[in-house]
Amino acid sequence: GYRVSLQGNFFGRNHMYTTFPEYVPRRHIKLDPPLNIQSNATASKCQIWWSVPWYLAEILQYELQYKEYSVSWEIALNKTPPSSLPWIEIEATELRSGIAYIARVRCKVSENEDSYHSQWSEWSQTTVFQRPGVPKLSEKILNTRTMQFLFIPLSFGTLLYLFWNFKLSSRYCCFLTSGQKASPALTFPRQLLSFSHSIICTMGILR
């Protein structure tokens with residue numbers, strides 16, 4: 001260790017004051033802030049990561065601070081990673097959809113480390129992220145109703161076309177090679193039943 005003293009001249013006399021009788025530098029460390037903080041936000045979570053010197057990675061602990069971009073840091077939220085790994089996740093439930101957020105991180109030697117001790121570093125540079133918006137329920141309902149309104153007249157028009165085709169085809173007959181006569185109109189009920197089944201299934205999906 002070291003002995004740190006302060007010497008000064010007061011009222012014409014020299015005085016020496018012992019400030020730290022046993023000063024150990026490795027127990028009074030202030031680290032540089034983490035570097036290269038980055039983020040990636042999805043609809044379910046936001047992952048934030050950063051970098052520190054490799055030889056310090058296993059003995060550091062971190063504190064993340066994040067807030068809505070437009071508010072003061074004084075009301076920011078703090079989050080502590082569960083391990084010494086240089087990354088953290090924020091669940092989507094902690095973020096408002098469509099709102100921009102800003103985050104920063106700081107570090108210090110872990111309190112579980114006996115050989116070194118430090119105070120918190122300064123805050124790092126910031127990263128900005130935003131949880132992607134999700135379609136509102138009203139918009140989904142509106143889209144479904146629009147599809148229904150478009151599908152109904154199209155279905156009616158198709159049925160009308162098939163019915164008109166049936167009337168025309170019923171006036172004509174085609175002869176088979178065996179000499180028997182078959183009407184194309186006999187295939188129409190099957191087409192109509194198949195098309196009706198498709199309409200019912202599609203309307204069920206739209207609901």
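Model, not experiment: these values are computed from the prediction.
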Heavy-atom pair with the smallest gap, counting every atom of [X] and [Y]:
| X | Y | answer |
| --- | --- | --- |
| I37 | R104 | CD1-CA, 4.0 Å |
| I99 | Q130 | O-CG, 3.4 Å |
| S51 | N36 | OG-ND2, 3.2 Å |
| R131 | T42 | CG-O, 3.9 Å |
| S124 | P34 | CB-O, 3.3 Å |

[atom1] of [X] to [atom2] of [Y]: how many Å apart, nearest 0.5 Å?
| X | Y | atom1 | atom2 | value |
| --- | --- | --- | --- | --- |
| T80 | E63 | OG1 | CD | 5.5 Å |
| I88 | W49 | CD1 | CH2 | 13.5 Å |
| T93 | K45 | OG1 | NZ | 12.5 Å |

**OP:** Please assess K30 against E122 for the test salt bridge (charged side-chain N to carboxylate O under 4.0 Å, His left out), listing each intermediate value before the final yes or no.
**Re:** CA-CA 9 Å; K30 185 173 182 179; E122 299 295 331; 2.6 Å; yes
Neighbour count above 12 (heavy atom, 6.0 Å) for [X] [atom1]:
| X | atom1 | answer |
| --- | --- | --- |
| E58 | CD | no |
| K79 | NZ | yes |
| Q125 | CD | no |
| D114 | CG | no |

So [Y] and [X], do their side chains get closer than 4.5 Å, heavy atoms only?
| X | Y | answer |
| --- | --- | --- |
| R106 | S121 | yes |
| S84 | L60 | no |
| L56 | L31 | yes |
| S39 | I48 | yes |

**OP:** Please check if W54 and I29 belong to a single hydrophobic cluster, counting links between Ile, Leu, Val, Met, Phe, Trp and Tyr side chain heavy atoms closer than 4.5 Å.
**Re:**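 Yes, W54 and I29 fall within the same hydrophobic cluster.
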Subject >> Identified side-chain contact (heavy atoms from CB on, under 4.5 Å) counterpart of T126 within the set Y101, Y69, W73 >> reply: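 Checked Y101, Y69, W73 against T126; only one passes side-chain contact (heavy atoms from CB on, under 4.5 Å): W73.
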Subject >> Partner of F129 under side-chain contact (heavy atoms from CB on, under 4.5 Å), chosen from I102, I90, N40 >> reply: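 Of the listed options, the one satisfying the test is I90.
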Original post:
Which is it for K108 and Q61 under the side-chain contact (heavy atoms from CB on, under 4.5 Å) test, yes or no, and what are the steps along the way?
Top reply: CA-CA 6 Å; K108 72 174 183 177; Q61 68 181 69; 3.5 Å; yes
**OP:** Report yes or no: does S118 contribute a side-chain atom to a donor-acceptor pair with the main-chain N or O of V109 at less than 3.5 Å?
**Re:**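 Flag set: sc S118 to bb V109 pair under 3.5 Å.
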Subject >> Qualifying residue, where the test is ring pair (Phe, Tyr, Trp, His ring centres under 6.0 Å) with W50 and the options are W123, Y62, W87 >> reply: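 When ring pair (Phe, Tyr, Trp, His ring centres under 6.0 Å) is applied between W50 and each of W123, Y62, W87, only Y62 qualifies.
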